[in-house]
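Below is one structure, written out as structure tokens; the observations come after it.
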Amino acid sequence: MYKIDKDNLPELFKFLTKNGTDVFAPVRKGNQVNFESFTDEVASTLDLDTLKTVRSPKDFVLPQVEHLFDATIENKQIKLETSPLADKPYVIFGVRPCDVKGIEVLDNVYLKDPVDKFYQARRAQGVIISLACTNPQQTCFCKSFNIDAANPQGDIAIWLINDSLNWKSLTDKGANLTTQVKHLLQESSDIDEVEACQKDIQLKIDALPYSRGLPLDKFTPDKLLEIFNDARWDELSKACIACGTCTFICPTCQCYDVKDYDAGKKVKRYRCWDSCMYSDFTLMAHGNSRNTQKERFRQRYMHKLVYHPDKHHGEFSCVGCGRCVNKCPSSLNIVKVIKSFEVDN
Amino acid sequence: MSVGEFKPLVVAFCCNWCSYAGADLAGTSRLQYPAEVKIIKVPCSCRVNPLFVLRAFQKGADGVIICGCHPGDCHYSTGNYYTRRRITLLYSMLDYLGIEKGRTHLEWVSAAEGVKFATVMNKFVEQVYELGENRRLEDWRCKS
Amino acid sequence: MKRIGVFVCHCGTNIAATVDVVKVVEAAKLEPGVVHAAEYPYLCSEAGQNMIIKAVDEFGLTGVVVSACSPRMHETTFRKAAAKAGLNPFMVEISNIREQCSWIHKDSKDGTEKSIILTRAAIAKVHLNEPLHPGESKVTKRALVIGGGIAGIQTALDIAEAGFPVDIVESTPSIGGKMAQLDKTFPTLDCSACILTPKMVDAAAHENITLHTYSEIEKVEGFVGDFTITIRKKARYVDMKNCTGCGLCYEKCPVKKAPSEFEQGLIKRTAIYTPFAQAVPNVPVIDKTQCIKLKTGKCGLCEKVCTPKAIVFDQQDELITEKYGAVIIATGYDQISLEKFGEYSYNSPDVITGLEFERLTNAAGPTGGDLIRLSDKKKPRSVTFIQCIGSRDTSKRGKPYCSKICCMYTAKHAMLIRDKYPQIEVNVFYIDVRTPGKNFDEFYRRSAEEYGVNYIKGQVGKIIDQGEFLTLQSVDMLGGKRMDLQTDLVVLATAIEPVKSVRIIASMLTASIDTNNFMTEAHPKLKPVESPTAGVFLSGVCQGPKDIPETVAQAGATAAKVIGLLVKDKLMTNPCTAESNEKFCNGCSACTKVCPYGAIAYDDGIVHVNKALCQGCGACAVTCPSGAMDLQGFSNRQLMAEVDAICR
Amino acid sequence: MQELMKAKAQEMLSNGSVTRVLAWKKGDFETNPEPAFFTKHVDDMVYNQYCATNLSNFMVGVEKEEGKTLVFLKPCDTFSFNQLLKENRISRDKAYIIGVGCEGVKVIDEMQETGALLEKCNVCTKIKHMVYDELIGEDVTRRVTDDPLTRFKDIEAIEKMDAGERFAFWQGEFSKCIRCNACRNACPPCGCKKCVFDNDNYDTAQKANVTTFEEQMFHIIRAYHVAGRCTDCGECTRVCPQDIPLHLLNRKFIKDINALYGEFQAGADIETLGPLTDFNIDQDAEPSIVYDRG
């Protein structure tokens, strides 16, 4: 265990950036907190108190846009040039336990066969420094997915206690980074303090409205067709305006579309996040397989609650971060969906 | 006129009936205007979609100018009255977003105004030279 | 992908002297889809066209780009050539490397580089071109002439002589127009009425001509070859069939206070009246704003004296709807209002306009041709003409153009006075005297040299009515001195302007009009009698100031063009029309609101374009937020492809 | 008010005068009611200062369905209703509109009140219902300002910046955009069946902001497409997950339109031609007005 004063963080970040490691940390801009690249300018607006960034740290392992290759024509011959893989080390600082799990969910998709090289390269360069949720919020329901907000995972875990960060490396990657910055850390053995903090967090989590348990047991792969054909989707989807807010702020939503852009001298192929809420999602030559918003809406929740668990040993692709609860323009969210299936038809 | 290596690209949308004919007249009268100007013929200035203007900037234009018949002279009677409102609002919005005003222009040029056509183009291109390369409305993918 | 052929023209040395055509050809060959590229000295020549035709066959071309002169010059030529080769003519695009490159860029490098880019843009466009097919529309073999002055009459007579029915719509009770008001005509001094009235009678009597006097255009629908026009025949309160034109009615009419329009308000007329003795038709009309019977229900004297029972007090406006293949605008002119020219004291009875002077010297006019001052009925000792009142005036109150007829009619007036009353002194203030035209300058010189008219170069700043005489504060520019000239009568050469109603008529016909309200011709040199709107033609002063010989010549030219249209059985319609993709149409109908031709109709959630009405401006395509509306031949994707190619 | 609404809705559902009711439904917190259609019982219906959604927009979805819909509209929502009516997106006879008063909508974050009202409520002048069949309850709506220019204050502040500052300001805002399309989809007039940004046929499709240009492009064109049609309902700003003040774009167009072509309020009626489908031959400003101003 190590310790570092909150006020000394910028110094630590500066050290890292100077040594060729990008640092992304939560920064406040207006009413929003998001992970931003650390620079001297943002040092004063670092925000470790706000629980949730609007965008999840998914951005750093699966960016919204990833260029795949450039195609050029020379004398009527097409030449391809593959985009380089990520090769710069980086640290994401202050990742909440749910978001750490979110990255794990993505790993289970992108690092499994067939391995996605772009993702793999980015993931390999990154060190995740997680941060325990000292003040969980109303919309949190990580507990339902067995995520311990008091015991963050990742490469290094941090508990922020009285403006002091308690630092514990959890993996080899974490240990390496710790060694690198050891001179800026203090040794610490305040295990009691951390344990007290963890207890406090767990109590707070238990008191949250959503922690009374969500009927997730209703969503089992064997009931796939039953749930798929359930009449409740009709009503549930009525308020959906088909935007991609929930998808894009979700730490686990992972779908992308592949597009070409004619930049004149070359054509650039890239992939970008897609949302199953969009009418052209999985649009194929024959047309669209999901023609109504109800079908598209259902797809999102079926994927998170049934299809993904079916393929990944029961792992839901929701981590209970509550971003969608907070941000849906129509106040729809996955909790409402889960709860509505509480009673069997 | 030239500043360093920079050679701007100016896209001019000209209506078929007045301004394109005005450009032809400038040609037949051997009136010089910069080769930086590339003309696209449209039936009427009201055919110019704000999307086209943005598209030009995206793809690398440093200035966009729209030319149409003088108000009252539109071949289609009313086309340029719509253009006038549409483009005024568009240019005002671009200005509001901090895009340099000198990069966009609208001019009424009749079929008889070859001299005016050349003068307008000379002036506009010079203005774009002064502003330099379009940075604020560029798409980096289309550069290099 | 298309198989595109690119043909680059040298245009002799016109292009080749500045643009390296071989380089353009080589560059074109590298463009995707280009399977053949070649250059030729004169592509528009028969040999050049044959080269294209052969290449289409040999290389299996599906698209053709011609880099040559302006498409306004030879687009049709090359499209016809493509059609000969079995290609849809709209698979041809022109890149203008002459007017836009070789003729304006001295530097060969610049010109060549730009030619390559413009050619590239045309190639990019052709990739997205689709075969277009002009529709056919029928031609109604009947013409409508709006305005019954000398321009309208002459046009109508010429068309009628060619065997086509013509209707004349005239807003006043008689045809004849301004020419009927004139006394003599320059430069021959023959009597205006004497040469005009036979034409009026001819028009009325012609089996192919129908007159609608005291009538106005109410509504216009349709397009070239197939206009449907509604004419409002204003209630005349006199039955045209029964009336014998005896004139008893207006002799008995007790109302005698209405200003006579024909006499320029110099005298009064009755409530029931014929505007002038030789009116055609010679049927009176009741001015409902003056008639006691129509206003109060009393009187009815005219009805009592009319033996053929032609007076019909309960007559209503009548709407006539007729189909026409062509419309001729011949609405003529008025003198401008002198309201804003207070310095000329036009409110003085002894300051009159040129047209008032015509009536004053006319034997059939209010004074029987006796030239007198209207204030004291005395013979003037001197008459002074002032030129350019409101003409060539760039201030807001006047007109920037030269009214063209004033110099000559002033010379005529001056000469007539000096001829008839040698004792009267005549002065003319002028800026310069403009007399181009056959025998015109000779005429003017005669007035000055033989008739002793006193021409003074200068302007009058102010006219003061002193009762007995008028004082003109003026400048003699050649003498370089200010002077106060005393004179008894002043004639103002007042600027002429198109009649106000022409703007309404033009907008109904969607024909364009310039800032001075003159109708715009399709091309100032090459199409001077056609309006830019197909099927709408121009005759007379509505297009620009003209004298009588010029008007008559233009009227004949217009007739020839109209006849050229009416002899056709069918017309090809413009294939570059708007088209709505119903899959994307929201039905918001914004497009229907901006269409100048009423070509777009909303029906049950989506819009439809009437191809026959659409002229292809594209206003709808831009107003459509979803892009459902697009313009064939200038589609969104085509134009964006051009942008992309230019910016590449 | 809520109880009056529920009673009325239940009555009209029961007697069959409407097929469904469009209103707000209780969420799992008091602060997150959702728009909902009720066809049988209205027990879960709520109306309070958290009911933000502009329900007019949801009328488009039931336009093709059988039967009449009872919809509750706040005064400002009726402008949107009119605009949709004008654009043939909905039919008047398929709706029974009950106008309800509005005291302003509260801003919620993490289910807690932030203490603020929505931006649009702070400058609200839309206190009258423009279209309705019936008004119920006490009229609690109040005019926030008598100065119609209040709502342009923020725009003026931006206009006063120099071009570089304006550019930096908007870059900062646009760079936050994640292209979730919430602004577009929540916007009543922005309801194209197929948006140009989704349409591959149109060659302008974009699914993400790949470059800063595409951020600009999307927002310029979106605002432009609703220029003259935007009722200033503020939904775009409300729904933006990244807090981009999108109303500042729409309102700039409104400000320009008012200044150049005369006062115009979209949705005030259904007859007046929109400013971009209309013109004034003699009085319309030339685009040079943009270059000429400071």
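Convention: sequence-line order gives letters A, B, ...; per-chain numbering from 1. For the numbers below, each heavy atom of this structure counts, side chains included, while hydrogens, waters and symmetry mates do not.
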- Counting distance only, does the side-chain N/O of D:Asn88 pair as donor-acceptor with the main-chain N or O of C:Gly587 below 3.5 Å? yes
- Task: Go through the atoms of C:Cys585 and report whether side chain, backbone, both or neither lie under 4.5 Å from a heavy atom of chain D.
- Result: backbone
- Query: Do the side chains of C:Pro625 and D:Arg229 get nearer than 4.5 Å, heavy atoms only?
  - Reply: yes
- Message: Can you tell me how far apart OG1 (D:Thr204) and CE (C:Met640) are? Round to the nearest 0.5 Å.
- Response: 5.5 Å
- Message: Which atoms of C:Ile606 are under 4.5 Å from chain D, going by heavy atoms: the side chain, the backbone, both sets, or neither?
- Response: side chain
- D:Lys128, NZ: over 12 other non-hydrogen atoms inside 6.0 angstrom: no
- Query: For atom OH of D:Tyr132, is the number of surrounding heavy atoms from other residues, nucleotides or ligands below 6.0 Å larger than 12?
  - Reply: no
- About how many Å separate CZ of C:Arg503 and CD1 of D:Ile281, when rounded to the nearest 0.5 Å? 6.0 Å
- Portion of D:Leu276 that has a non-hydrogen atom of chain C nearer than 4.5 angstrom: backbone
- Looking only at heavy atoms, what is the nearest atom pair of D:Lys193 and C:Asn586, with distance? N-OD1, 2.7 Å
- CD of D:Glu65: more than 12 outside heavy atoms within 6.0 angstrom? yes
- Decide yes or no for C:Asn636 and D:Asp203: does some side-chain heavy atom of the first lie under 4.5 Å from some side-chain heavy atom of the second? no
- Closest approach of D:Lys194 and C:Ser626, non-hydrogen atoms and distance? O-CB, 3.6 Å
